[in-house]
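Data first, discussion second: the structure below is written as structure tokens.
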Amino acid sequence: MSLSQILTPSIQKAIQALFDVTVEKIEFQTTRKEFEGDITMVIFPLLKVIKSNPVELGNKIGNYLVENVSEVARFNVVSGFLNIVIADSYYLNFFNEIKDNTKFGYVTPNPEDKAIMVEYSSPNTNKPLHLGHVRNNLLGYSVAEIIKASGKKVYKTQIINDRGIHICKSMLAWQKFGNGETPESSNLKGDKLVGKYYVEFDKAYKAEISQLMETGKTEEEAKKQSPIIIEAQEMLKKWESGDEAVISLWKMMNQWVYDGFAITYKNLGVNFDKYYYESNTYLLGKDVVQVGLDKGVFEKDPDGSVWIDLTDEGLDRKIVLRSDGTAVYMTQDIGTAIQRVKDMPDVGGMVYTVGNEQDYHFKVLFLILKKLGFDWASSLYHLSYGMVDLPSGKMKSREGTVVDADDLMQDMTDTAKQISEDLGKLDSYSTEEKAKLYQTIGLGALKYYILKVDPKKRILFNPEESVDFAGNTGPFIQYTYARIQSIIRKADFDFSAQTSTEELHEKEKELVKQIELFPEVIQNAAHNHSPALIANYTYDLVKEYNSFYQSVHILGEVDLTKKVFRVQLSQKVAEVIKAAFSLLGIEVPERM
């Protein structure tokens with residue numbers, strides 16, 4: 001139970017006893033650093049129902065709490081704020097209650113509750129994963145883990161875009177220029193091999209456009225009349241009609257990509273419970289159009305196309321079926337959402353991890369599903385995020401100027417290796433231990449740098465800055481964790497007993513207060529779909545621990561009672577760091 005939950009009924013009782021007034025809500029905030037106090041009650045709202053000045057009102061409530069509530073030691077009133085100092089005994093009791101709880105902060109899901117499905121990654125099968133996909137995967141995976149920790153059952157899913165003209169471009173280019181090249185013969189990951197031919201198609205297409213423009217065609221005409229784009233369009237028609245040779249080529253090249261993706265996902269540390277493929281879902285939703293027409297949700301134009309008019313909602317008219325009867329992406333997304341609930345009836349909400357360029361699309365999708373009458377539609381959320389830029393500028397897949405996810409992870413590991421070797425503290429490590437440590441630090445740096453930023457904000461990613469052993473970085477937090485493990489290894493005495501210390505050092509108290517916030521931070525992060533709240537909480541915890549470490553003796557403390565408590569406190573901080581970082585998909589090293 002949080003401090004605000006403990007104090008609220010006591011303050012309500014105080015107001016009733018002192019002023020014969022009933023209040024429903026008490027407003028709290030964190031005490032400002034310049035004042036003494038652990039939690040602050042805001043007095044101003046009470047002035048609407050109690051005729052008094054704020055200082056007098058605060059003093060009366062404060063005195064009542066000191067006399068009647070064991071957790072309250074003293075108080076001070078500043079203007080309209082009652083700063084409450086909580087007794088050390090409260091924090092010691094709290095710490096003893098949670099010190100052996102390895103799942104502190106996590107809530108066990110209720111089997112009766114509806115599950116949440118989190119969609120992320122959802123790549124195309126014509127190129128490898130890049131830096132943009134990395135942010136998507138890290139966000140989606142972390143949000144799924146945080147929602148799970150907050151007490152919900154979670155399914156992780158993705159829909160793989162494995163069909164369409166862009167896929168045919170890679171296939172056609174491989175047919176034309178590949179000479180039977182395979183991942184094995186080229187020693188290339190399958191996704192990289194297929195991506196290579198996507199770039200080759202673009203080169204050939206641009207060359208043909210230039211040639212046609214030299215003959216007097218406009219750029220628009222040249223783009224349409226280029227022989228290679230016409231061939232790709234023909235290949236797509238053959239795929240849609242089930243042509244055996246095209247389907248066989250499609251399956252072979254897609255499998256190359258899936259095998260490549262699997263390696264990237266494993267190295268990145270993300271996973272999925274269920275996969276959807278656009279080749280299976282692109283016709284879904286067409287049957288729902290008739291349901292929508294019958295309900296009056298959709299309307300048919302004279303040319304036979306079907307629309308929904310959302311102008312009353314501040315949006316526009318949106319097409320859901322073309323006049324030739326073919327579906328659009330919106331139709332497919334409607335059908336896929338419905339199919340997911342059919343597949344997993346316990347799903348009661350979904351989170352879509354998709355870039356902010358699709359904000360409008362998801363507003364429309366969610367509104368359509370609500371109008372169609374699905375009760376779960378009110379629990380749909382678009383985890384919209386900003387793009388990731390590099391100091392060198394924007395990435396372009398067609399031109400092959402993207403930052404490849406595998407290369408990025410390797411670069412981060414290499415950077416961690418270089419910095420670690422420069423620090424020169426790894427002489428006792430084996431080659432395998434060093435390699436594992438470099439990867440842990442490198443990936444920790446990458447993940448933390450991306451996840452500490454609010455998802456909605458654009459990121460300028462600087463690899464060197466992220467692998468810094470000082471400041472708000474993953475390696476700085478990992479180093480603090482490893483430092484605590486070193487303390488625990490050196491503690492050659494039994495520190496398992498319940499602490500009996502009676503007074504807390506100011507730094508001990510601040511650290512316990514920071515630990516106490518963890519469950520609430522998880523709930524807030526789940527509610528806001530924001531791993532940044534977990535990341536920055538962990539940084540604050542580590543800063544508080546380092547201040548404690550610099551201010552008091554731990555193993556050098558002569559008073560055994562205090563020494564036991566400080567080791568226990570250090571151990572709990574390490575457990576919370578590890579738990580928080582696991583929600584971000586980040587590992588912590590035992591030694592650094």
Side-chain angles (χ1 to χ4, degrees), residues 33 38 85-105 420 423-429 437 440-441 444 469-518 521 536-582 586-592:
K33 289 286 185 187
D38 299 305
V85 180
I86 301 299
D88 287 356
S89 58
Y90 164 79
Y91 290 109
L92 287 165
N93 290 338
F94 161 77
F95 183 78
N96 280 321
E97 282 173 16
I98 61 104
K99 78 178 179 70
D100 296 322
N101 178 5
T102 55
K103 284 291 184 183
F104 170 66
S420 298
L423 292 171
K425 294 182 179 179
L426 304 177
D427 294 342
S428 63
Y429 286 50
L437 181 62
T440 299
I441 296 170
F469 283 74
N472 191 5
T473 66
F476 172 66
I477 294 168
Q478 289 172 322
Y479 183 74
T480 302
Y481 177 86
R483 168 185 275 171
I484 296 172
Q485 297 313 303
S486 175
I487 291 169
I488 292 166
R489 283 193 296 272
K490 290 173 184 172
D492 56 356
F493 54 91
D494 182 11
F495 56 88
S496 60
Q498 183 161 306
T499 185
S500 55
T501 188
E502 292 180 2
E503 283 188 7
L504 289 175
H505 186 284
E506 177 194 351
K507 293 297 180 182
E508 293 171 334
K509 184 176 179 179
E510 289 303 316
L511 205 44
V512 177
K513 281 165 66 176
Q514 191 66 24
I515 291 170
E516 190 185 26
L517 294 173
F518 188 44
V521 171
N536 289 294
Y537 162 80
T538 313
Y539 176 56
D540 289 341
L541 175 64
V542 163
K543 277 196 301 182
E544 202 63 65
Y545 182 80
N546 284 324
S547 177
F548 158 82
Y549 180 84
Q550 299 294 336
S551 303
V552 304
H553 293 295
I554 302 176
L555 296 179
E557 173 58 55
V558 293
D559 183 320
L560 182 61
T561 302
K562 287 182 179 178
K563 181 158 68 168
V564 165
F565 176 66
R566 287 172 186 172
V567 173
Q568 289 178 346
L569 187 53
S570 297
Q571 185 175 45
K572 197 68 205 174
V573 169
E575 284 178 11
V576 173
I577 291 170
K578 187 173 185 175
F581 259 30
S582 75
I586 302 174
E587 293 183 356
V588 283
E590 296 300 306
R591 296 190 299 157
M592 269 177 84

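If you read the sequence from its start, that first residue is 1, and numbering goes on from there.
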What pairs with Lys562 under side-chain hydrogen bond (donor to acceptor under 3.5 Å, both in side chains), at least two apart in sequence or on another chain? none
Using side-chain heavy atoms (C-beta onward) and a distance below 4.5 Å, is Ile477 in contact with Val588? no
Can you find a heavy atom in the side chain of Tyr429 that is under 4.5 Å from one in the side chain of Ser420? no
List the residues meeting side-chain hydrogen bond (donor to acceptor under 3.5 Å, both in side chains) with Ser89, not counting sequence neighbours, and say none if there are none. none
From Ile554 CD1 over to Leu569 CG, what is the distance, rounded to the nearest 0.5 angstrom? 8.5 Å
What is the distance from atom OG1 of Thr473 to atom CD1 of Ile441, rounded to the nearest 0.5 Å? 10.5 Å
Please name the pair of heavy atoms, one in Ala579 and one in Ser582, separated by the smallest distance, quoted to 0.1 Å. O-OG, 2.7 Å
Looking at residues at least two apart in the chain, or sitting in another chain, which of them share a salt bridge (Lys or Arg N to Asp or Glu O under 4.0 Å) with Glu508? Arg566
Of all pairs that satisfy ring-ring contact (aromatic ring centres under 6.0 Å, His included), the ones with a partner from residues 543-575, not counting sequence neighbours: Phe95-Phe565, Tyr545-Phe548
Over all heavy atoms of both residues, which pair between Met592 and Pro475 is shortest? Give the atoms and the distance, please. CE-O, 4.0 Å
Using the test side-chain contact (heavy atoms from CB on, under 4.5 Å), find all partners of Val564 that sit at least two apart in sequence or belong to another chain. Phe493, Phe495, Leu560, Gln568
Residues forming a side-chain hydrogen bond (donor to acceptor under 3.5 Å, both in side chains) with Glu575, sequence neighbours excluded: Lys572
Considering residues at least two apart in sequence or located in another chain, which fulfil the ring-ring contact (aromatic ring centres under 6.0 Å, His included) criterion with Phe581? Tyr448
Pairing residues for Lys103 by the salt bridge (Lys or Arg N to Asp or Glu O under 4.0 Å) criterion, not counting sequence neighbours: none
May I ask you to test the Val573-Val542 pair for a side-chain heavy-atom distance under 4.5 Å? no
More than 12 heavy atoms of other residues, nucleotides or ligands under 6.0 Å from OH of Tyr537: yes or no? yes
In chain order, what residues pass the salt bridge (Lys or Arg N to Asp or Glu O under 4.0 Å) check against Asp540, with sequence neighbours excluded? Lys543
Output the distance between atom NE2 (His505) and atom OG (Ser551), rounded to the nearest 0.5 Å. 6.0 Å
Thr538 and Val521, any side-chain heavy atoms less than 4.5 Å apart: no
Does the pair Leu517 and Leu541 meet the rule for a side chain to side chain contact (heavy atoms under 4.5 Å, CB included), with working shown? CA-CA 10 Å; Leu517 294 173; Leu541 175 64; over 6 Å; no
Set of residues satisfying side-chain hydrogen bond (donor to acceptor under 3.5 Å, both in side chains) with respect to Gln514, sequence neighbours excluded: none
To the nearest 0.5 Å, atom CG of Asn93 lies from atom CG of Asp88 at 10.5 Å
What residues form a salt bridge (Lys or Arg N to Asp or Glu O under 4.0 Å) with Asp38, not counting sequence neighbours? Lys509, Lys513
Kindly compute the distance separating CG (Leu511) from CD (Glu544), expressed to the nearest 0.5 Å. 6.5 Å
Is there a side-chain contact between Lys99 and Phe94 in this structure, where contact means two heavy atoms from C-beta onward sitting under 4.5 Å apart? no
Using 30° and 60° as the class boundaries, would you call the ring planes of Tyr539 and Phe476 parallel, tilted or perpendicular? perpendicular
List the atom pairs, with distances to 0.1 Å, where a side-chain N or O of residues 481-491 and a protein N or O form a donor-acceptor pair under 3.5 Å, not counting sequence neighbours.
unit_1	atom_1	unit_2	atom_2	d
Tyr481	OH	Glu590	OE2	3.2
Arg483	NH1	Asn546	OD1	3.1
Arg489	NH1	Glu590	O	3.2

Between CG on residue Leu92 and CD on residue Glu97, distance to nearest 0.5 Å: 11.0 Å
